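Since this is a predicted model, take the numbers as computed values, not measurements. Below, chains carry the letters A, B, ... as their sequence lines are ordered, and counting in each starts from 1.
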Amino acid sequence: MKINSEDCKILDNIKMSEDGYVITLKTVKFKDKFSPGNFLQLRCSEENTVLRRPFSILEETDGHIKLYFKVVGRGTRRLSNRKSGETVNIIAPLGNSFTVLAKKRVLLIGGGCGISPLLNLSFFLSKKQSIVDALFGFRNEQDYPKMIVENRKRELNNLWITLDETNKKEYNEGTTIDYLKKINIDMYDAFYCCGPVKMMEKLSDILKGKWAQVSLEARMGCGIGICYGCSIKTTTGSRRVCSDGPVFNLNEVIWDEF
Amino acid sequence: MKINSEDCKILDNIKMSEDGYVITLKTVKFKDKFSPGNFLQLRCSEENTVLRRPFSILEETDGHIKLYFKVVGRGTRRLSNRKSGETVNIIAPLGNSFTVLAKKRVLLIGGGCGISPLLNLSFFLSKKQSIVDALFGFRNEQDYPKMIVENRKRELNNLWITLDETNKKEYNEGTTIDYLKKINIDMYDAFYCCGPVKMMEKLSDILKGKWAQVSLEARMGCGIGICYGCSIKTTTGSRRVCSDGPVFNLNEVIWDEF
Amino acid sequence: MNFDYKTELKKIATLNSPIIISSGTFGTSGAYLDLIKNQNIGAVVTKTITLEAKSGNPQPRIFEGKNFIVNSIGLENNGVYDFVINFDKNYKNIPFPIIVSISGNDESEYVKIIKKINELNSPVAVELNLSCPNVDSEGLASAMNLKSFGKTVFNCSQVSKFPIITKLSPFQCINTMYAETAEKNGTTAISLINTVPAMVIDTENMSPFLGNTVGGMSGPAIKPIALKMVHEIYKSVTVPIIGMGGISNYRDALDFLMVGATAVSIGTMNLVDPELPNKILKNIDNFLTKKNIHDFDELKKRFQKNL
Amino acid sequence: MNFDYKTELKKIATLNSPIIISSGTFGTSGAYLDLIKNQNIGAVVTKTITLEAKSGNPQPRIFEGKNFIVNSIGLENNGVYDFVINFDKNYKNIPFPIIVSISGNDESEYVKIIKKINELNSPVAVELNLSCPNVDSEGLASAMNLKSFGKTVFNCSQVSKFPIITKLSPFQCINTMYAETAEKNGTTAISLINTVPAMVIDTENMSPFLGNTVGGMSGPAIKPIALKMVHEIYKSVTVPIIGMGGISNYRDALDFLMVGATAVSIGTMNLVDPELPNKILKNIDNFLTKKNIHDFDELKKRFQKNL
Ligand SMILES: Cc1cc2nc3c(=O)[nH]c(=O)nc-3n(C[C@H](O)[C@H](O)[C@H](O)COP(=O)(O)OP(=O)(O)OC[C@H]3O[C@@H](n4cnc5c(N)ncnc54)[C@H](O)[C@@H]3O)c2cc1C
Ligand SMILES: Cc1cc2nc3c(=O)[nH]c(=O)nc-3n(C[C@H](O)[C@H](O)[C@H](O)COP(=O)(O)OP(=O)(O)OC[C@H]3O[C@@H](n4cnc5c(N)ncnc54)[C@H](O)[C@@H]3O)c2cc1C
Ligand SMILES: Cc1cc2nc3c(=O)[nH]c(=O)nc-3n(C[C@H](O)[C@H](O)[C@H](O)COP(=O)(O)O)c2cc1C
Ligand SMILES: Cc1cc2nc3c(=O)[nH]c(=O)nc-3n(C[C@H](O)[C@H](O)[C@H](O)COP(=O)(O)O)c2cc1C
Ligand code: FES
Ligand code: FES
C-alpha cells in the first residue's frame, strides 16, 4: 500500500475513560488498507502544535478509522476538543505490522492505550483461527475503557483485566506483570505486547526466549522515516521506530535508553 | 482611580454586525470607575496571543462592562469565540479621557468601532446637558451595528449614518467626510472624533482651528505607559497614546507617521 | 511564603527576591506603579538611558508573533541629564532597588554617562546595555568587538561609583568570551540575554513591517536559546548571572535558576502581566516544598547531578 | 501554474522550482517518497554525511514547543563510504536534483569526504554543514573560527568536482564576515540558517529534556531571526542565497525571496507536511498574479523600493 495523506472528517469523538477518547474518522483512501500494528500520523491542530502525533489503529471497518487516544499533552488535549464534522489531516498507513500467526494460542499483553493495536490485531488473529487470550492492565476503573474492550470480547478467548487498585471481583488487583505470574505462559505459542516502557522492559525479562513481538512508542519527528528522531538501540543496531517498527521482536530491543 | 487587574466573567458575547461583537463583562472593581475615553487592556487568550489588546469602553452600567470589538486578527478572532461563563483578565481603567463639555452643541464623528468611545461619551455629555449630534460611518449595512447605535438614540439629537454604498433612504451614501460637507460645522462648539487614521487625518484638515478631540489607536505593547511601543509624534513632541492619550487635541497630532 | 528569597547579587545588594524587571519593560507611569506595589520584586532596571535624548523609531514599533514579539522602540528617552535631574521626582516612590541601564555610541560616551549617574545616590547598580544603539537598535550587538567591549566594561567599572552589571546580547553569548572578558574587566554581575535581532515582513505590502525595518525578538520563543547561553556561561564565570529571555511562568524562572542564574529578569511578559512576580514566587514556593529543596543552591546542585 | 519557476543556482543547476528540502528533513524512505513524488521540488539535500558512521544522540531527540522544535539527532548516519556504496540503490529513484550535505571534525576530514563523494556522478552540489558536530551537535558552530572556516571552504572548492554550497549556522550570520569569506574562498552558493543552539529543561525532574542536553531550534519561531540574516547577507555577497528557517507557508517563502534569497528551503515543516511545496507554489502563483509581478527579481525590486 502506498503512503498517502487525507483530510478526514471526524464522525465522532467520544470520551471512553477518564482521559481516553475514541475518535472516528471517515476515510476513502485507506479503506481496508491497514495491517495490524500500523499507525498513522495525525495533525491534531495547525494552530497549537507543530509536529503530527502518531496513533495506532484501533479498528478500521468500512472506511471508518477508530483511534483510542489518551490526553497527555497539548496535542491530545486539542484533539479531544475536536468536534464531529471538523476535518483532520492524516498520513497513513505507517510502520510495519505484527506477524499474524495462524492457528496458534497467543497472549496479548497490553497496558493503557497500548491495548489499541492489540485489539486491532485480535481481529486478524481470530480470522486466522488463532486462539487469543488478553491480559490488559489499567491504573483504576476510571482508566479502563470498558466499552472498547467488551466490544471485542467475541474475539477473545480469555480476558483478564488488572487494575492497580480495585476491590471488585471482576478485576484483578495489581499489574499485568503481577498477574502474569499466575498464568502458565508456557502454554502460549506467541506473545504480542504494547504498553508503557517500564512494563515492556519487565516483560522482556519474563518472556526471554519466547516468540514475542512488541509495538513500541517513541517521540517522533516525521513518522515516515526521514528525521531519525525516533531511533532506538536494538541488538541489530540503531533502528527507526516509525519505519523499521513500530513492531519489533521483544528481545531485540535494548531498553536502557528509554 | 487606581489601576487594577480583574478576572471578569463573560456575561455574553453577541455578534452585532458582519465582524463586530459586543462582549459584556462582569466587574466588581471597576463599577462606576470609567471616564469617557478610557480603555482597558484585555487578555484575549493566554494560549494564542502574547500581548493584551486595548479596547475602548462602550458602556459600563451596574458593573457590566460592554465592549464593541471587530474581528481583525488573531486576538479578536479568539475573543469572538470566547463563551459566556468563561473568564478574561483585564487591566483598567486606562488612559486619559475626553473633556466632557457642559451645555454645548457638539458633534461626534465616528467610523467603524470608533463609535464605541463616542457612544460612551454621549451619555456623559447629555448628563451635562450638552446637545449631541452624531455622524457615524460604516462600509455597508452589514458593517453597521444598528442595535448598538439605536439603543443610544435617546441621547442623540441628530444621528446621521453614512455607508460607503447603499440605496436605502435611511442611510447616506458616501463617507463621513463627504457628509460633513453638507453640515454647517460652524454651528458646533466642539467635535469628538474616533475612527480610522485616514479619516482622522482628513478631519484634522477640515476641523482646523476648531475645538476638537480625537481618540487615537496605536499598536500597544503594555498599554500602561512603560514600553514606549505606542509613541506618536505630536506638535508637543513624542507622546504615548496609552498614557498621554488616547485622547488628544485633533490639531496636535502629526499624521505622517501613521 | 515559606522561603527566604533574599538573593545576594555580590556587592550589588541583597535583594528581597530573585525576580528583576528588565530594562525597557519597567516604567514609572502611575498606572504601572499601581499594579506592582505589592509585588515582591528584587530590583527594577530603568529603560536604557543614552547621553543625548533619543526620539525612538518610526511606528509601528511592535510586532506580535505566536509566542514572541519583535520590537524596535529605538531607545526613546530624554537623555542622561534629564534623567538625573528628574530622578528623585520619578523614582523616589519606587519601593524596589533601582538599576540604571545605560548605553553609549562609543567607549567615551559610556564614561560620560556614568559620571553623570555618579551624581545620584540611590541606584544599586548600573547596567551596561552594550548593544550599539546607533548601529542597530535594541540588542544588536555584533558591531562591538571584544576589545572595545572589554575596555568599556573596564572604564565603566573604574569610573562608576555603583557596581556594574554587563548585559550581553545573544550574539555576545555564542561563546563564553564576552562573559569572561566582562568578568576580567571588573563587572560585578552579568545579565543575559538582550533581544535577538529579527525582521518581520508585511508580505501583502511587500515591505518591512516595523518602521525601523529590523528589531529585536523577545518573549517565550527565545527561552530555549537564552537558557542554553546561561547554561554555558555559568560554567565559565564566577560573577552572578541574571538570566532572562522569555520568562512567563514559574517553570521558566526555575529553569534559569537551575542552569546557573542567581536572579531572573522578566521582560516582555511584564508588559502583559505586571503581577507575574508574586505568581511566580508562590509557585516556586510550592515546587521547592514538594521537592524538599531549601534554597536555589540546592536546586542548582540537583540539576547538575542530572547532567 | 502560470509561472516559470525555473531557478538558476549559478553553476549548480537550473532548478524546476525555487523550493529545496533541507538537510536532515529529507530521506529516502519509501513512505516519504510516496508522498512527494508529485511535488515540484527544486532540489533535495541529503542528511549530513560524516566520514565515519555516527549512531547519533540518546533519546529523547526531539522536543516540541508551541511553534518550534528543538532537536538533537546527532547526525546519525552510516558514514561516507556506506553512503557512496549505496548511493545508486538509495537515490536512483529520486526524481529531484540531489545535494549532498557533509560535515567533518576538522579541515582535513572535509577534504577526505569530498574525495569520496567525487566518485559519484549524479549529485548537483555538495553542501558544507560547517557546524562542528563533535563540539556540539547540529548547527552549533561557534567553535569554527573564521580562518579555518575559510580554509575549509577553499579546500573543498578546490577538491570537489561538484559546486559547493556553504551552509551557515546562525552564529556565523551575526555579521556578514562568514558569508563574505565563503564567497572569497570559492563557494558557489550560501545557505542559511542552520538550527539555533537551544536547551530545554524538564522542570519537574530538574534535568535537561533532551538526551544530549542541548540541541538546535527550528520551525516557525526562528523565521524572523533567519529573515534578518538573509536580509543583511544579501547586501554583501553576490553568490545565490538559499534561505531557510521556519518556512511553513507561501508567505514565509515569499518573505525570504523578497529579502534576497534565490531559493528557499523547507526543514521542520517538511516533517509535518511533505506536500507543502506544491501548496506553496500554488499560493505564490496567486500572489504574483494578483500583484502583477512576473518573476522573483521583480519581487525583490518591489521590496527594495519599500525599504
Ligand atoms: C507508533 C505509536 C503509536 C501510538 N499509538 C497511540 C495510541 O493509539 N493512543 C494513544 O493515546 N497514544 C498513542 N501513542 C502515543 C501518542 O503519540 C502520544 O501520547 C502523543 O503524541 C502525545 O501528544 P501530546 O501533544 O498530547 O503530548 P505532549 O507531551 O505535549 O507532546 C509533546 C511531544 O512529545 C511527543 N510525545 C509525547 N508522548 C509521547 C509518547 N508516549 N509517544 C510518542 N511521542 C510522544 C509528541 O508526539 C510531541 O511531539 C503512540 C505513539 C507511537 C509512537
Ligand atoms: C486605545 C485603543 C482603543 C481601542 N478600542 C477598540 C474598540 O473599542 N473596538 C475595537 O474593535 N478595536 C479597538 N481598538 C483596536 C484593537 O485594539 C485592535 O483591533 C486589536 O488589538 C487587534 O488585535 P488582533 O489580535 O485581532 O489583531 P492582530 O493584527 O493579529 O494583532 C497583532 C498586534 O497588532 C495590534 N493591533 C492590530 N491592530 C491594531 C489597532 N487598530 N490598534 C491597536 N493595535 C492594533 C494588536 O494589539 C496586536 O499587538 C482599540 C485600540 C486602541 C489603541
Ligand atoms: C519593548 C521592549 C523594550 C526593551 N528595551 C530595552 C532597553 O531599553 N534596554 C535593554 O537593555 N533591553 C531592552 N529590552 C530587552 C529586555 O530587557 C530583555 O533583555 C529581552 O526582552 C529578553 O527578555 P524577555 O524575553 O523576557 O522579554 C527591551 C525589550 C522589550 C520587549
Ligand atoms: C530533525 C532535523 C534534523 C536536521 N539535521 C540536519 C543535518 O543533518 N544537517 C544540516 O545541515 N542541517 C540539519 N537540520 C537543520 C535544517 O536543515 C534547517 O537548516 C533548520 O532546521 C532550519 O530550517 P527549518 O526551520 O525550516 O527547519 C536539521 C533540522 C531538523 C529539524
Ligand atoms: S520519526 Fe522521523 S525517522 Fe522516525
Ligand atoms: S503601549 Fe507601552 S507605553 Fe504605550
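- For residues 82-90 of chain C, a heavy-atom distance under 4.5 Å to chain B picks out no residue at all.
- Within the 4.5 Å cutoff, the side chain of Arg43(B) has heavy atoms near those of the Val272(C) side chain.
- Taking 4.5 Å as the limit, some side-chain heavy atom of Lys37(C) sits within range of a side-chain heavy atom of Lys2(B).
- Using a 4.5 Å cut-off between heavy atoms, Phe63(C) makes no contact with chain B at all.
- Ile73(C) and Cys227(B) get closest at one heavy-atom pair: CD1-O, 3.3 Å.
- Looking at Ile69(C), only its side chain comes within 4.5 Å of chain B, counting heavy atoms on both sides.
- Pro274(C) and Ile91(B) make their closest contact through CD-CD1, 3.9 Å (heavy atoms, listed as atom of the first residue, atom of the second, distance).
- Looking at Pro58(C), the atoms closer than 4.5 Å to chain B (heavy atoms on both sides) sit in the backbone and in the side chain alike.
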Would Leu51(B) and Ile62(C) count as a side-chain contact (heavy atoms from CB on, under 4.5 Å) if you check the C-alpha gap in whole Å, the side-chain angles of each, and the deciding distance to 0.1 Å? CA-CA 10 Å; Leu51(B) 300 170; Ile62(C) 297 185; 3.8 Å; yes
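- Looking at Arg74(B), its side chain does come within 3.5 Å of a backbone N or O of Gly65(C) through a donor-acceptor pair.
- Both the backbone and the side chain of Tyr32(C) come within less than 4.5 Å of a heavy atom of chain B.
- Annotation: side chain of Ile226(B) is in contact with side chain of Asn270(C) (closest heavy-atom distance under 4.5 Å).
- Using a 4.5 Å heavy-atom cutoff, the side chains of Asp34(C) and Asn4(B) are not in contact.
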Glu64(C) vs Arg219(B), test: salt bridge (charged side-chain N to carboxylate O under 4.0 Å, His left out). Steps then yes/no. CA-CA 10 Å; Glu64(C) 179 179 312; Arg219(B) 289 184 173 256; over 6 Å; no
